[in-house]
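The structure under discussion appears below in the form of structure tokens.
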Amino acid sequence: MAALSEALARTAPLYDRVSRVIPALEWPVFAGDVDAILTLKRERNAVILAHNYQTPEIFHCVADLVGDSLALARMATQTDADIIVLAGVHFMAETAKLLNPSKTVLIPDLGAGCSLAESITPADVRLIRARHPGVPVVTYVNTSAAVKAESDICCTSGNARAVVESLGVDRVIMIPDEYLARNVAAETRVEIIAWKGHCEVHERFSADEVRQLREDHPGITVLAHPECPPDVVAAADFAGSTAVMSDYVRLRQPARVVLLTECSMSDNVAVQHPGVEFIRPCNLCPHMKRITLKNIRQALEENRHEVTIDPVVAAPARRAVERMLAL
Ligand code: 13P
Ligand code: SF4
């Protein structure tokens, strides 16, 4: 009991940050783990990189660096910590490991996958290349290292169009997200050959839902992630990566907004913008939600689960990621 009251006292300033989205009654459930994680990070010279879809007690209370996939990849190259704990999904941890081969990279739950990463294999990439000889392959970072290894360059939702146009060609193969590919195709003259993968979270939004939102909440600003179907993106006011959506709210301060993306995103952005009203139909990512304070603490205590990548795959996969980062 004494330990909990000490943890509550030490974490009180952190609770203040998230008090708009976490009821005071719930904080004692989190305080002990938050307190322990802060100590473990110091003892082990570890940093926690957290994606924008992590829950607020992770995102605002224990993470050192937060952002979208592109920012996390960049930050992974800049840390001098010995250990990186990736609070996100497996492909993000693999990307951090590709960029930091000599560091320990931990993912708190090995089951934190991604429906896009699951949708394509290295053999599929070889097949699609054989069908379109000479056409470069642009691979979304939401893929395994083995798929990245078959690619010319990676992209994220934050730089997809710039990557496609950087290649100076008329046609590219863009895998595996069909909707991201079609959304980019709508903005560029480069012809895009797409694969048929979908994000199980974003494919559930519909243009009818957007129409209903506008009817129910006049004047609402609708922001969509580019993994949403093209008719949803067309019906939205603006589409961008999770970081770009967050920047939009910060810079424009819309009176009322809806973020068509994963649920924790609104919580995390709402914490920083008390003057903005968030309408919250959202879809949960079951993979992102596998990461909890409990398993982050366990990752640091037990050094698990360490991410390893076959060196034969790692070298070409790293080249594809580094080529993107060099842009
Ligand atoms: P961002 O790169 O926009 O953060 O997207 C990652 C992701 O998994 C979206 O579903
Ligand atoms: Fe993958 Fe979609 Fe979850 Fe992002 S939200 S990690 S794309 S399943």
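When a ligand or atom number is given, it counts from 1 through the structure's own listing order.
The parts of Thr242 lying near ligand 1 are both backbone and side chain, judged by heavy-atom distances below 4.0 Å.
For atom 3 (Fe) of ligand 2, the nearest protein heavy atom (residue, atom name, distance) is Cys285 SG, 2.4 Å. Closest to atom 2 (Fe) of ligand 2, if we only count protein heavy atoms, is Cys199 SG, 2.3 Å. For atom 2 (O) of ligand 1, the closest non-hydrogen atom of the protein is Ser69 OG, 2.7 Å. For atom 1 (Fe) of ligand 2, the closest non-hydrogen atom of the protein is Cys114 SG, 2.4 Å. For atom 8 (O) of ligand 1, the closest heavy atom belonging to the protein is Asn142 ND2, 3.3 Å. Of all protein heavy atoms, the one lying nearest to atom 8 (S) of ligand 2 is Ser115 N, 3.7 Å. Protein heavy atom in closest approach to atom 5 (O) of ligand 1: His225 NE2, 3.3 Å. Nearest protein heavy-atom contact of atom 7 (C) of ligand 1 is Glu227 OE2, 3.7 Å.
Here is the list of ligand 1 atoms found below 4.0 Å of a heavy atom in Ser241: 3 (O). Interface of Leu116 with ligand 2, defined as ligand atoms under 4.0 Å from a residue heavy atom, comprises 7 (S). Of all atoms in ligand 1, listed by their number and element, those nearer than 4.0 Å to a heavy atom of His202 are 10 (O). The contact set between ligand 2 and Glu227, taken as ligand atoms under 4.0 Å from a residue heavy atom, comprises 2 (Fe), 7 (S). Near Asp68, the atoms of ligand 1 lying under 4.0 angstrom from a non-hydrogen atom of the residue are 1 (P), 2 (O), 4 (O). For ligand 1, the atoms lying closer than 4.0 Å to a non-hydrogen atom of Ser157 are 1 (P), 2 (O), 3 (O). Shown in contact with His51 at under 4.0 Å from a heavy atom are these atoms of ligand 1, numbered in order with element: 1 (P), 4 (O), 5 (O), 6 (C).
Using a 4.0 angstrom heavy-atom cutoff, Glu262 does not count as in contact with ligand 1. Using a 4.0 angstrom heavy-atom cutoff, Met245 does not count as in contact with ligand 1. Within the 4.0 Å heavy-atom cutoff, Gly158 does not count among the residues contacting ligand 1.
The closest side-chain heavy-atom distance from Thr188 to Ile192 is below 4.5 Å. Ile279 has its side chain within reach of Leu213: a pair of non-hydrogen atoms, C-beta onward, lies under 4.5 Å apart. The shortest side-chain heavy-atom distance between His202 and Thr261 falls under the 4.5 Å cut-off. The side-chain heavy atoms of Lys41 and Val47, taken from C-beta on, include no pair separated by under 4.5 Å. Taking 4.5 Å as the limit, every side-chain heavy atom of Leu167 sits out of range of all side-chain heavy atoms of Val190. Looking only at side-chain heavy atoms (C-beta outward), Thr143 and Phe91 stay at 4.5 Å or farther from each other. In this structure, His60 and Gln272 have side chains that are in contact, with non-hydrogen atoms separated by less than 4.5 Å.
With respect to Asp124 and Lys196, no salt bridge is recorded, no charged nitrogen being found less than 4.0 Å from a carboxylate O.
SG atoms of Cys199 and Cys114 are separated by 2.5 angstrom or more, inconsistent with a disulfide link.
One side chain, Asn303 or Arg44, offers a donor N or O that lies under 3.5 Å from an acceptor on the other.
Under a hydrophobic clustering in which Ile, Leu, Val, Met, Phe, Trp and Tyr are joined whenever their side-chain heavy atoms come within less than 4.5 Å, directly or via other members, Tyr179 and Val232 fall into different clusters.
Counting only residues at least two apart or in different chains, salt bridge (charged side-chain N to carboxylate O under 4.0 Å, His left out) contacts with residues 255-265 comprise Arg256-Glu277, Glu262-Lys289.
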